[in-house]
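All chains are named by letter (A, B, ...) in the order of the sequence lines, taking the proteins before the strands, and each is independently numbered beginning at 1. Since the model is a prediction, treat every value here as computed from it, not as a measurement.
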There are 2 protein chains.
Amino acid sequence: METQILTYREVLDRFKKLLKSNNLKYTKQRELILEIIYNNQGHFTPEDIYNLIKQSYPDIRIGIATIYRTLTLLEDANLVTSISFGAKGKKYEFGLGKHHDHLVCLVCGAIEEFYDETIENQQELIAKKHNFKMTNHIMKIVGVCKNCQSKQGS
Amino acid sequence: METQILTYREVLDRFKKLLKSNNLKYTKQRELILEIIYNNQGHFTPEDIYNLIKQSYPDIRIGIATIYRTLTLLEDANLVTSISFGAKGKKYEFGLGKHHDHLVCLVCGAIEEFYDETIENQQELIAKKHNFKMTNHIMKIVGVCKNCQSKQGS
DNA sequence: ATCGATGCAAAAGTTTTGCATATAC
DNA sequence: GTATATGCAAAACTTTTGCATCGAT
């Protein structure tokens with residue numbers, strides 16, 4: 001699941017185009033948020049992203065509000081997607097990679113990704129059967145990962 | 001998806017037994033929370049439940065904290081299950097009905113339920129393949145329901 | 001009588017908003 | 001120069017916690 005379909009340059013161009021066509025401005029803050037999400041494979045809370053930027057770019061001034069505002073923007077544009085964690089908010093990941101679903105470990109919080117053709121097809125069928133215009137689907141398998149099973153004995 | 005497998009009496013007995021065996025007390029508040037969730041088919045936020053109880057039982061004193069505490073208890077006991085809504089917290093539903101997944105309408109928020117054997121089987125396979133001990137799975141198909149499609153033209 | 005449960009209010013988180021200032025265009 | 005974006009702090013929510021009191025056993 002490591003393979004990015006698009007290079008960062010391509011993604012950035014797409015983002016710039018998007019901004020332009022909506023009369024929005026291209027700012028360093030917006031770029032950094034996208035870059036952090038593209039480059040660091042993984043799933044991040046808004047605060048994670050805020051901290052990563054503060055750490056990696058100590059000279060840039062940025063506020064948590066900008067992170068939230070930009071994530072909303074990026075998610076609307078499908079450049080990032082989010083996965084929910086109950087009341088604890090969302091984690092975001094890059095949205096233009098290969099589609100996949102998630103295995104979430106209850107013990108250590110680790111997230112594995114998978115892709116399954118059968119599931120994908122079946123979802124289409126179900127949406128059709130219910131006259132639903134599907135725009136997205138979320139599938140999480142929740143449990144205990146291999147690592148944590150061996151640590152605590154089973 | 002309307003069929004409850006257990007009568008309310010059976011559910012309540014199970015709850016009482018559970019409480020007893022954990023040295024917890026049977027209170028009116030706890031019963032009402034379970035009853036509201038059992039009787040009103042649907043998906044409720046803690047606040048929904050709080051308001052329903054205030055409305056239906058004006059004489060009972062109850063605080064929102066009790067709702068949260070009891071929902072945690074009920075969820076641990078599998079008497080209710082929850083479904084997440086991004087940062088907006090969780091909705092709870094009765095947990096001993098037939099297992100099912102959800103179709104969520106982005107426009108009106110309606111939740112439809114479905115059960116699909118192929119998906120269920122495939123999830124088992126995927127968990128096994130990843131050495132995951134699956135305790136739960138969440139599948140949501142997000143989109144626009146039939147009703148809302150016709151209202152806004154497609 | 002004991003010990004857990006409750007309501008309330010305060011606290012802790014998380015996310016959003018208002019506004020003056022800064023910055024892209 | 002104008003309009004949008006930003007940081008900051010305050011506000012709005014949601015959820016949790018501490019504590020005195022209540023109530024089930």
If the condition is side chain to side chain contact (heavy atoms under 4.5 Å, CB included), which residues does B:R61 pass it with, not counting sequence neighbours? none
Sequence neighbours excluded, every pair satisfying side chain to side chain donor-acceptor pair (under 3.5 Å) that has a member inside residues 18-33 of chain A: A:Y8-A:E31, A:Y26-A:E31
A:Q29 side chain near C:dT23 phosphate (N/O to OP1/OP2, under 4.0 Å): no
Rounded to whole Å, the CG-P distance (B:L73 to D:dT16) equals 14 Å
In this structure, how many angstroms lie between the C1' atom of C:dA5 and the CG atom of B:L71, rounded? 15 Å
Test: side chain to side chain donor-acceptor pair (under 3.5 Å). Region: residues 66-77 of chain A. Which pairs qualify, not counting sequence neighbours? A:E75-A:S82
Classify every nucleotide of nucleotides 18-25 of chain D by which part a protein heavy atom approaches to under 4.0 Å, writing B for the base, S for the sugar-phosphate alone and - for neither, in 5'-to-3' order. B----BBS
Between A:K54 (NZ) and D:dC8 (C1'), how many Å, whole number? 11 Å
Using five base pairs at each end, measure the axis-to-axis angle across the helix from C:dA1-D:dT25 to C:dC25-D:dG1 and round it to 10 degrees. 30°
For C:dT15, take OP1 and OP2 only and decide whether either is under 4.0 Å from a side-chain N or O of A:Y68. yes
N/O donor-acceptor pair under 3.5 Å between A:S56 side chain and A:I53 backbone: no
Can you check the B:I33 CD1 to C:dA5 P distance for me, whole Å? 13 Å
Take the protein atom CD1 of B:I49 and the nucleotide atom C1' of D:dT15, then report the distance between them rounded to whole Å. 14 Å
Can you list the residues that meet the ring pair (Phe, Tyr, Trp, His ring centres under 6.0 Å) rule with B:H102, with sequence neighbours excluded? B:H43, B:H100
Would you say that more than 12 heavy atoms from the other residues, nucleotides or ligands in this model lie under 6.0 Å from the NZ of B:K16, or not? yes
Provide, to the nearest angstrom, the distance between the CD1 atom belonging to B:I67 and the P atom belonging to C:dG7. 8 Å
Go through the structure and list residues passing side chain to side chain contact (heavy atoms under 4.5 Å, CB included) with A:D116, not counting sequence neighbours. A:F114, A:T118, A:I119, B:Q122, B:I126
In whole Å, I'd like the distance from the CG atom of B:L19 to the C1' atom of C:dT6. 15 Å
Mind calculating the distance between CD1 (B:I60) and P (C:dT6) to the nearest angstrom? 12 Å
By salt bridge (charged side-chain N to carboxylate O under 4.0 Å, His left out) - contacts of B:E10 (at least two apart): none
Who are the side chain to side chain donor-acceptor pair (under 3.5 Å) partners of A:Q55, not counting sequence neighbours? none
